[in-house]
Amino acid sequence: MTEEHNHDHNHEDEDLITLVDDDGNEELYKVLFTFDSDDFGKSYILLYPSSAENDEEVDIQAYAYNPDQSEDSEGDLQPIEDEAEWEMVEEVLNTFLDDEGNFDA
């Protein structure tokens, strides 16, 4: 018989980011994953609201960021405005999601 330990709670802090919207409301986001693109020379981070973790439909946010620019671990999150960048990010996300559009959180 094997024992299974649930380690999810050990690293919650490192995977959380607080974003502030235009109205000044803070919302806690979980990091889905990060990846680098050689084509665009940037790093990308995909987030989803921690409050929506168990929802059927999760609103995933994607940003470009430069981890070297900033002292804190988040770097500066930049909105993705280039259509080619969006398509590339969506493609990476689609390979990350399963056929039903779910991700393993």
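Position 1 is the first residue of the sequence; numbering continues from there.
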### Message
On a heavy-atom basis, which atom in A62 and which in V89 lie closest, and how many Å separate them?
### Response
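In terms of heavy atoms, the two residues are closest at CB-CG1, 3.9 Å.
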
### Query
Which atoms form the tightest heavy-atom contact between V58 and A52, and what is the distance?
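Reported closest heavy-atom pair: CG2-O, 3.4 Å.
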
Which distance, rounded to the nearest 0.5 Å, do you find between the [atom1] of [X] and the [atom2] of [Y]?
{"X": "I60", "Y": "E90", "atom1": "CD1", "atom2": "CD", "result": "10.5 Å"}
{"X": "L28", "Y": "Y48", "atom1": "CG", "atom2": "OH", "result": "10.5 Å"}
{"X": "Y63", "Y": "Q78", "atom1": "OH", "atom2": "CD", "result": "10.5 Å"}
{"X": "Y29", "Y": "L77", "atom1": "OH", "atom2": "CG", "result": "11.0 Å"}

### Query
Checking side chain to side chain contact (heavy atoms under 4.5 Å, CB included) for the pair V92/Y44: CA distance, chi angles, key distance, verdict?
CA-CA 10 Å; V92 172; Y44 296 89; over 6 Å; no

### Query
Are any of the side-chain heavy atoms of E85 and K42 separated by less than 4.5 Å?
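With C-beta onward as the side chain, the pair touches.
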
### Message
Between T18 (side chain only) and E26 (backbone N and O only), is there a donor and an acceptor less than 3.5 Å apart?
### Response
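No, the answer is negative, given that no donor and acceptor are paired below the 3.5 Å cut-off.
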
### Task
For the pair D23 (side chain) and N25 (backbone), establish whether a donor and an acceptor sit closer than 3.5 Å, ignoring hydrogens and angles.
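No.
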
#### Entry: Residues Q61, L46; criterion side chain to side chain contact (heavy atoms under 4.5 Å, CB included); working and verdict
CA-CA 6 Å; Q61 308 279 330; L46 279 82; over 6 Å; no

### Over 12 non-hydrogen atoms of neighbours within 6.0 angstrom of CG in D38
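Counting other residues, nucleotides and ligands, CG of D38 stays at 12 neighbours or fewer.
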
### Message
My understanding is that only one of D59, L19, D15, T34 makes a side chain to side chain contact (heavy atoms under 4.5 Å, CB included) with L47; could you say which?
### Response
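That would be L19.
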
